[in-house]
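Below is one structure, written out as structure tokens; the observations come after it.
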Amino acid sequence: MRILVAHASLSGNTRDLAQRVRARCEARGHRVTWIETDLQDFAAAGADARHDLYLLGSWTGNGGRTPPEMKRFIAGLVDAVGKPPRVAAFGTGETQWGAEYYCGAVRRMAAFFASPFPRLEIEQMPHGQRDAARIDAWTDLVIAMAATIAADNRPFLQTEGLPPHEDPARHVG
């Protein structure tokens, strides 16, 4: 699969998370296009900008907002290829600013793309084996879901295959 991993990072926390996601995708044999939206826009994706899966990561700004550099990247993505059906969102946030703002950028991106994938939300920075396992499980799940969508050529509902009591937005495998 061709996977685009794009991220915005203020302090390096989301960059660390994105690097772990990228490494997991590459370890699974996928070709990854890497974009740091602080430094690059969507044009950095190259002449063949279409990918099988788009993984977008962001920190969350004031009041749960998506940072301007990620908004610019998303605008470029939509201008170039429309709203792709396979976009998954991940990011970092801080609950100290309130649960309603925690990882607001991740939630906004997922909602904008009507993402069928679970979101990955990490408190402050990824650290320890527990976060590493969550990141790997999320990445594996998103890749598997994307492959199912592509193979079946149909939309994937994130509730498929999950027990009825589980919240699909929090399910990571």
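- The distance from atom CG of L55 to atom CZ of R24, rounded to the nearest 0.5 Å, is 13.5 Å.
- Criterion: ILVMFWY side-chain heavy atoms under 4.5 Å apart, direct or through other members. Under it, M70 and V106 are not part of a common hydrophobic cluster.
- Put simply, the side chain of H7 never gets that close to the backbone of V5: no donor and acceptor are under 3.5 Å apart.
- Side chain of Y102 to main chain of E123: a donor-acceptor pair is present (N/O by atom type, distance under 3.5 Å, no hydrogens or angles).
- Within the 3.5 Å criterion, the main-chain N or O of A105 finds a donor-acceptor partner in the side chain of T60.
- The pair R31-E26 does not count as a salt bridge, with every side-chain nitrogen at least 4.0 angstrom from each carboxylate oxygen.
- Ion pairing of R2 with D52 is absent here, as no side-chain N (NZ or NE/NH1/NH2) approaches a carboxylate O to less than 4.0 Å.
- Nearest approach of S9 to R15, heavy atoms of both residues: OG-N, 3.2 Å.
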**OP:** Output, in order, the C-alpha distance, side-chain angles, deciding distance and verdict of side chain to side chain contact (heavy atoms under 4.5 Å, CB included) for F117 and L53.
**Re:** CA-CA 11 Å; F117 301 98; L53 177 62; 4.1 Å; yes
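- With hydrogens and angles disregarded, no donor-acceptor distance shorter than 3.5 Å links the side chain of W138 to the backbone of F90.
- For D79, the CG atom is densely surrounded, since the number of other residues' heavy atoms within 6.0 Å is greater than 12.
- Proximity of a side-chain donor or acceptor of S115 to a complementary backbone N or O of V87 within less than 3.5 Å is detected.
- L77 and P84 get closest at one heavy-atom pair: CD1-CG, 4.2 Å.
- Between W59 and L10, the closest heavy-atom pair is CD1-N, 3.5 Å.
- With contacts defined as side-chain heavy-atom distances shorter than 4.5 Å, the pair R86/M145 does not qualify.
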**OP:** Let me see the working for Y54 and T33 under side chain to side chain contact (heavy atoms under 4.5 Å, CB included), right down to the final yes or no.
**Re:** CA-CA 9 Å; Y54 299 82; T33 300; over 6 Å; no
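- At a threshold of 4.5 Å between non-hydrogen side-chain atoms, the residues W34 and Q19 count as touching.
- When side chains are defined from C-beta on, R28 does not count as touching M1, because their heavy atoms never get closer than 4.5 Å.
- Of all heavy-atom pairs between A6 and T37, the closest is CB-CG2, 4.2 Å.
- When atom types are taken as modelled, the side chain of K83 and the backbone of F112 share a donor-acceptor pair closer than 3.5 angstrom.
- In this structure, NZ in K71 is found 6.0 Å from OG1 in T66, a value given to the nearest 0.5 Å.
- T139 has its side chain within reach of I135: a pair of non-hydrogen atoms, C-beta onward, lies under 4.5 Å apart.
- The closest donor-acceptor contact from the side chain of H51 to the backbone of L4 lies at 3.5 Å or more, if one exists at all.
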**OP:** Applying side chain to side chain contact (heavy atoms under 4.5 Å, CB included), run through R119 and M109 and close with a yes or a no.
**Re:** CA-CA 10 Å; R119 301 181 310 265; M109 290 186 304; over 6 Å; no
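- Considering every non-hydrogen atom in both A8 and P67, the closest pair reads CB-CG, 4.3 Å.
- R20 has a carboxylate O that lies under 4.0 Å from a charged side-chain N of D136, or vice versa, which qualifies the two as a salt bridge.
- For the atom pair CG of L56 and CD1 of I74, the computed distance is 5.5 Å after rounding to the nearest 0.5 Å.
- For the atom pair T92 OG1 and D16 CG, the distance stands at 9.5 Å (nearest 0.5 Å).
- Residues V142 and A88 share a closest heavy-atom pair of CG1-CB, 3.8 Å.
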Subject >> Steps toward side chain to side chain contact (heavy atoms under 4.5 Å, CB included) verdict (C25, I143) >> reply: CA-CA 8 Å; C25 291; I143 289 170; 3.9 Å; yes
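- Looking at heavy atoms from C-beta onward, L39 lies out of side-chain contact with E69 at the 4.5 angstrom threshold.
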